[in-house]
Amino acid sequence: MAHHKKERTLAIIKPDGVQRSLIGEIVKRYEKVGLKLVGLKIIVPTGAHVEKHYTLDPEWKKNVGEKTIAAYKKQGVKPPVEDPVEQGENVLAALKKYFTSGPVIAMVWEGAHAVEIIRKLTGGTEPRTSDVGSIRGDYVLDSYQMSDMDGRAVRNLVHASGSIEEADSEISLWFSDDELIDYKLVQEQILYDVNIDGVFE
Ligand code: GDP
Ligand code: MG
């Protein structure tokens with residue numbers, strides 16, 4: 001098994017994040033925790049690319065539908081549709097519009113537990129209920145109810161891979177090998193080396 005410090009994940013600043021001038025703020029949070037940026041590009045995705053991204057996992061439509069329907073029920077509100085796959089289809093159509101509405105920033109971050117750490121800093125899918133202190137909790141106020149009522153995707157600023165497997169396949173979809181740079185950050189010595197050597201002169 002590769003060392004934890006070699007784990008990589010994909011994060012994408014969605015068009016609303018770019019439009020709201022939050023690129024620097026979002027990058028800062030991932031950077032400050034100690035992760036290393038190994039790939040970065042600004043790109044306007046096509047609808048076909050977005051569909052591929054979200055259907056890399058054949059279960060995604062069902063999972064996204066189940067998650068949303070459960071969130072509605074928890075709030076004692078009737079979901080717009082009862083069938084999770086149908087909800088997933090609707091979300092996918094909305095996501096294609098959302099992601100193609102302007103440039104996005106695609107990034108690959110590397111470091112210990114990168115997938116989990118980036119998900120934690122990003123926060124839960126629905127900004128209305130995501131934790132205070134997370135990017136989605138601090139910078140946006142959207143909800144499943146409001147976005148479904150208006151027939152659009154939840155605007156939550158960032159996409160972040162949900163698991164190591166998801167990260168591996170998403171990174172290959174967005175980046176070629178020669179767009180990812182292997183290099184060292186000086187601070188890695190302090191984050192990962194067994195002994196903190198070379199501090200005193
Ligand atoms: P994520 O991994 O936290 O981004 O969430 P998912 O993979 O489950 O969903 C992908 C994206 O679809 C989310 O980030 C939202 O932008 C959007 N989305 C998810 N569920 C819903 C929903 O029930 N309604 C609407 N309108 N958008 C949704
Ligand atoms: Mg997801």
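In listed order, ligands and their atoms are each counted from 1.
Compare Leu92, Asn156, Ile69, Val64 by their heavy atoms: the one nearest to atom 20 (N) of ligand 1 is in Val64. If you check each of Val91, Val154, Ile12 against atom 16 (O) of ligand 1, the one with the closest non-hydrogen atom is Val154.
Counting only residues at least two apart or on different chains, no ring-ring contact (aromatic ring centres under 6.0 Å, His included) pair has a member in residues 70-92.
Using a cutoff of 4.0 Å between basic side-chain nitrogens and carboxylate oxygens, Glu188 and Lys36 are scored as salt-bridged. Salt-bridge annotation for Arg155 and Asp150: absent, with no side-chain N of the basic residue lying under 4.0 Å from a carboxylate O of the acidic one. A salt bridge between Lys62 and Glu66 is present, with a side-chain N of the basic residue lying under 4.0 Å from a carboxylate O of the acidic one. Using a cut-off of 4.0 Å between Lys/Arg side-chain N and Asp/Glu carboxylate O, Arg8 and Asp182 are scored as salt-bridged. Residues Lys28 and Glu25 are paired through a salt bridge, judged by an N-O separation under 4.0 Å between the basic side chain and the carboxylate.
Remark: Tyr30 pairs with Trp109 by the ring pair (Phe, Tyr, Trp, His ring centres under 6.0 Å) rule, at least two apart or across chains.
Residue Arg152 places a heavy atom under 4.0 Å from ligand 1. Residue contacts with ligand 1 include Lys14, since one of its heavy atoms falls under 4.0 Å from the ligand. Heavy atoms of Ala94 stay at 4.0 angstrom or farther from ligand 1. Ligand 1 has at least one atom lying under 4.0 Å from a heavy atom of Arg136.
Relative orientation of the Phe99 and Trp174 rings is tilted, given thresholds of 30° and 60° on the angle between their planes.
The shortest contact between atom 10 (C) of ligand 1 and any protein heavy atom is with Tyr54 CE2, 3.6 Å. Atom 8 (O) of ligand 1 has Lys67 NZ, 3.0 Å as its closest protein atom, hydrogens excluded (heavy atom only). In this structure, atom 5 (O) of ligand 1 lies nearest to the protein heavy atom Thr125 OG1, 3.3 Å. Residue, atom and distance of the protein heavy atom nearest to atom 24 (N) of ligand 1 are Asp148 OD1, 2.8 Å.
For Glu7 (side chain) and Ala2 (main-chain N/O), no donor-acceptor pair under 3.5 Å exists by modelled atom type.
Using a 4.0 Å cut-off between heavy atoms, Arg119 contacts ligand 1 through its side chain alone, with no backbone atom that close. With a 4.0 Å cut-off on non-hydrogen atoms, Leu95 touches ligand 1 through its side chain and not its backbone.
Atoms of ligand 1 lying under 4.0 Å from any heavy atom of Ser147, numbered from 1 in the order shown and given with element: 25 (C), 26 (N). Within ligand 1, the atoms closer than 4.0 Å to a non-hydrogen atom of Gln87 are 22 (C), 23 (O), 24 (N), numbered from 1 in the order shown. For ligand 1, the atoms closer than 4.0 angstrom to any heavy atom of Thr68 are 20 (N), 21 (C), 22 (C), 23 (O). Those atoms of ligand 1 that come under 4.0 Å of a heavy atom in Ala153, given as number and element, are 26 (N), 27 (N).
Counting heavy atoms from C-beta on, the side chains of Trp60 and His53 never come closer than 4.5 Å.
With Asp142 as the fixed residue, the salt bridge (Lys or Arg N to Asp or Glu O under 4.0 Å) test singles out one of Lys14, Arg136, Arg152: Arg152.
Looking at Trp60 next to ligand 1, an N or O pair under 3.5 Å apart turns up.
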